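Keep in mind that this is a model prediction, so the values were computed, not measured. We count residues from 1, following the sequence as given.
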Amino acid sequence: MSVAGESGGRAQQLRTKAQELKEASERATDPEQRRRLQDKARRLQEQSEQESSMRDRGMDPMV
C-alpha cells in the first residue's frame, strides 16, 4: 500500500472513531462525560480533515 493510501486509511479510521464517540456522547447521561466525548470526537474529526487535506495536497502527515 502506498503512503497516500495508508494516510487515507488513517483518516478514515479517525472519522470512524469520531463518529463512535459522537454516538457514545448522545447516549451518555452525565453532562460532563457527554461534553468530554463530544470534544474528543470534534478533535478527531478535525485531525481527520487535516490529514485528508494534507494527503490531497501531496504531503505526508506522518513526517
Side-chain angles (χ1 to χ4, degrees):
M1 180 181 284
S2 71
V3 171
E6 291 172 9
S7 60
R10 173 149 168 75
Q12 179 59 45
Q13 288 175 339
L14 290 171
R15 283 190 296 272
T16 300
K17 184 64 176 176
Q19 183 62 36
E20 290 171 0
L21 289 171
K22 183 176 181 232
E23 291 169 3
S25 75
E26 292 169 357
R27 294 187 302 269
T29 56
D30 177 44
E32 183 62 25
Q33 182 183 20
R34 180 180 297 125
R35 185 189 60 76
R36 283 192 309 267
L37 289 168
Q38 289 171 337
D39 288 347
K40 187 165 185 174
R42 186 179 63 251
R43 284 192 307 269
L44 287 174
Q45 184 65 35
E46 290 169 357
Q47 186 178 356
S48 167
E49 291 168 3
Q50 184 179 36
E51 287 191 16
S52 291
S53 175
M54 291 174 74
R55 186 189 75 238
D56 291 345
R57 287 182 279 156
M59 300 169 144
D60 183 0
M62 302 303 285
V63 175

Holding to side-chain hydrogen bond (donor to acceptor under 3.5 Å, both in side chains), I want the full list of residues that pass it with E46, two or more places apart in sequence or in another chain.
none
List in chain and number order the residues that pass side-chain hydrogen bond (donor to acceptor under 3.5 Å, both in side chains) with R35, two or more places apart in sequence or in another chain; answer none if no residue qualifies.
E32, D39
Qualifying residues under side-chain hydrogen bond (donor to acceptor under 3.5 Å, both in side chains), relative to Q45, sequence neighbours excluded:
E49
Between Q47 and R10, is any pair of side-chain heavy atoms under 4.5 Å apart?
yes
S48 side chain to L44 backbone, donor-acceptor under 3.5 Å
no
Determine all donor-acceptor pairs shorter than 3.5 Å in which one atom belongs to a side chain in residues 18-27; sequence neighbours excluded.
from : atom 1 : to  : atom 2 : distance (Å)
Q19  : NE2    : E23 : OE2    : 3.0
S25  : OG     : K22 : O      : 2.6

